Enquirer: 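Sharing a structure below in structure tokens format, with a few things to ask.
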Amino acid sequence: MSNPIPTEPPADTPVTDRAGILLVDDMEENLLALEAVLASLNVPLVRARSGEEAIRALRRERFALVLLDVRMPGMDGFDTAAGIKRLDQAKDVPIIFLTGSDPDSGFTFRGYSTGAADFIPKPFDPWVLRAKASVFLELHRKNRQLEALLARDHVQLAEMARRLSAIGSLLGEADGGDIGTEEGHVDGDDGGGDGDANTLRGPGELAALRGHVAGLDNILRELRRGRSPQP
């Protein structure tokens with residue numbers, strides 16, 4: 001028995017990650033049919049009645065998928081797809097072409113060469129359309145999660161670099177000698193002479209060093225756990 005089609009994003013998916021689907025067709029009845037089939041996916045469905053309108057929509061907001069009719073007056077689906085791929089913010093958005101039944105090989109080649117991820121012939125099977133749209137929505141969510149993880153790691157690595165720089169500065173001020181005790185003496189020093197030149201200057205600097213080391217330990221621990229460090 002086949003697996004059921006997911007009808008909505010996971011409950012823990014942030015609302016901002018629920019990117020919608022752009023529906024591009026010049027025929028009102030086709031847009032209505034697409035909306036009826038995809039409504040159960042619980043994501044925004046945005047209409048565009050022309051290629052120009054589709055490109056304007058992609059400039060305004062982020063989409064997980066574009067369903068694009070091939071045969072439109074003026075700017076057809078192929079020209080629209082080429083225009084989409086020229087947009088920095090939309091060049092990686094997958095495009096599914098909606099075509100007449102049994103397109104010839106030249107038609108298919110042109111579609112893939114302009115950036116099509118897939119073709120769905122008209123009249124389309126509602127189950128197939130929902131299933132394919134669900135796959136691309138899930139891929140978009142996974143990509144957003146990966147982007148968030150990479151951004152988090154970038155922040156953590158920057159914080160590690162800041163703390164290492166601070167530690168280097170503190171040790172540099174100690175003139176390369178041994179770190180002293182909280183009283184400011186090097187090991188074995190009786191407190192006289194010029195020992196202070198080779199120590200961290202006072203308990204405040206030693207406490208700062210310990211704080212940076214503890215912070216590094218916390219970042220490394222949280223990186224291993226795959227979670228952001230607590231402030």
Side-chain angles (χ1 to χ4, degrees), residues 5-6 8-10 12-27 30-31 33-35 37-39 41-100 103-122 124 128-155 157-158:
I5 301 172
E8 61 181 46
D12 59 352
T13 301
V15 173
T16 53
D17 283 349
R18 296 187 180 183
I21 302 174
L22 181 60
L23 313 176
V24 189
D25 200 303
D26 63 304
M27 303 292 291
N30 291 340
L31 292 170
L34 289 170
E35 288 172 339
V37 170
L38 300 172
L41 296 178
N42 194 30
V43 297
L45 303 175
V46 178
R47 290 183 172 200
R49 297 290 297 269
S50 67
E52 293 86 354
E53 190 176 339
I55 289 175
R56 287 196 296 271
L58 285 157
R59 286 195 178 111
R60 288 194 307 269
E61 57 189 292
R62 188 169 188 169
F63 290 93
L65 176 65
V66 177
L67 296 178
L68 177 59
D69 184 38
V70 170
R71 301 190 184 281
M72 295 186 295
M75 191 175 186
D76 66 12
F78 298 124
D79 294 334
T80 302
I84 291 171
K85 295 304 177 183
R86 287 194 291 268
L87 297 175
D88 287 341
Q89 67 269 43
K91 62 185 178 181
D92 296 323
V93 178
I95 298 171
I96 295 180
F97 277 124
L98 304 175
T99 72
D104 60 39
S105 59
F107 186 95
T108 304
F109 174 78
R110 186 180 177 194
Y112 283 122
S113 68
T114 54
D118 202 354
F119 286 84
I120 295 181
K122 295 178 181 179
F124 52 81
V128 171
L129 179 60
R130 277 197 303 271
K132 290 189 175 185
S134 295
V135 169
F136 284 108
L137 289 170
E138 181 63 19
L139 285 173
H140 176 80
R141 284 191 285 271
K142 295 299 184 186
N143 284 336
R144 290 298 300 274
Q145 290 170 7
L146 178 59
E147 289 173 4
L149 287 172
L150 291 175
R152 183 211 68 192
D153 289 348
H154 177 77
V155 171
L157 290 172

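What you see is a predicted model; the values in this text were computed from it and never measured. These values consider heavy atoms only, across backbone and side chains, with no hydrogens, waters or symmetry-generated copies.
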Enquirer: Please determine whether side-chain contact (heavy atoms from CB on, under 4.5 Å) holds for the pair Leu98 and Leu67, giving the CA-CA distance in whole Å, both sets of side-chain angles, and the decisive distance to 0.1 Å.
Expert: CA-CA 7 Å; Leu98 304 175; Leu67 296 178; 4.3 Å; yes
Enquirer: Which atom pair, heavy atoms only, marks the closest approach of His140 to Ala19?
Expert: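 Smallest interatomic distance, heavy atoms only, reads NE2-CB, 3.3 Å.
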Enquirer: How far apart are the closest heavy atoms of Met72 and Leu68, and which atoms are they?
Expert: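 In terms of heavy atoms, the two residues are closest at CE-CD1, 3.9 Å.
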Enquirer: With a 4.0 Å cut-off on N to O distance, would you call Asp69 and Lys122 a salt bridge?
Expert: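 Answer for the salt bridge query: yes.
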Enquirer: Please round to the nearest 0.5 Å and tell me the distance separating atom CD1 of Ile95 and atom OG1 of Thr114.
Expert: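 Atom-to-atom, Ile95:CD1 and Thr114:OG1 are 7.0 Å apart.
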Enquirer: Suppose the criterion is ring-ring contact (aromatic ring centres under 6.0 Å, His included): which pairs have a residue in residues 44-95, not counting sequence neighbours?
Expert: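 Sorted result for residues 44-95: Phe78-Phe97, Phe78-Phe107.
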Enquirer: Could you measure the distance from the CE atom of Met75 to the OG atom of Ser50? Nearest 0.5 Å is fine.
Expert: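 The OG atom of Ser50 is 8.5 Å from CE of Met75, to the nearest 0.5 Å.
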Enquirer: How long is the gap from CZ on Arg56 to CG on Leu87, to the nearest 0.5 Å?
Expert: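 One gets 12.5 Å once the value is rounded to the nearest 0.5 Å.
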Enquirer: Do Val24 and Arg49 come within less than 4.5 Å of each other through their side chains, counting heavy atoms only?
Expert: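 No - every pair of side-chain heavy atoms lies 4.5 Å or more apart.
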Enquirer: Do Ile84 and Thr80 pass the side-chain contact (heavy atoms from CB on, under 4.5 Å) test, and can you show the C-alpha distance, the side-chain angles, and the key distance before you say yes or no?
Expert: CA-CA 6 Å; Ile84 291 171; Thr80 302; 4.0 Å; yes
Enquirer: So, taking the atom named CG in Leu41 and the one named CZ in Phe136, what distance separates them when rounded to the nearest 0.5 Å?
Expert: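 Rounded to the nearest 0.5 Å, the CG-CZ separation comes to 13.0 Å.
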Enquirer: Which residues satisfy the side chain to side chain contact (heavy atoms under 4.5 Å, CB included) test with Asp92, sequence neighbours excluded?
Expert: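 Here no residue qualifies.
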Enquirer: Would you call Ile55 and Arg86 a side-chain contact if the rule is heavy atoms closer than 4.5 Å?
Expert: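 Contact flag for Ile55/Arg86 side chains = no.
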Enquirer: Indicate the atoms forming the closest heavy-atom contact of Leu22 with Ala48, along with that distance.
Expert: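 In this case the closest contact between Leu22 and Ala48 is CD1-CB, 4.1 Å.
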Enquirer: Are any side-chain N or O atoms of Glu138 and backbone N or O atoms of Ser134, one a donor and one an acceptor, separated by less than 3.5 Å?
Expert: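 Judged by distance alone, no pair lies under 3.5 Å.
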Enquirer: Please report the interatomic distance NZ(Lys132) to CG(Leu65), rounded to the nearest 0.5 Å.
Expert: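 It is 11.0 Å, given to the nearest 0.5 Å.
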Enquirer: Going by side chain to side chain contact (heavy atoms under 4.5 Å, CB included), name the residues that satisfy it together with Leu45, two or more places apart in sequence or in a different chain.
Expert: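 Side chain to side chain contact (heavy atoms under 4.5 Å, CB included) list for Leu45, sorted by chain: Ile21, Leu23, Glu35, Leu38, Val43.
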Enquirer: For Arg59, is there an ion pair with Asp88 - N to carboxylate O distance below 4.0 angstrom?
Expert: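 No salt bridge links Asp88 with Arg59.
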Enquirer: Between Lys85 and Lys91, is there a donor-acceptor pair closer than 3.5 Å when you use the side chain of the first and the backbone of the second?
Expert: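 Yes.
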Enquirer: Hey, what do you get for CD (Gln89) to CZ (Arg60), rounding to the nearest 0.5 Å?
Expert: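 Atom-to-atom, Gln89:CD and Arg60:CZ are 11.5 Å apart.
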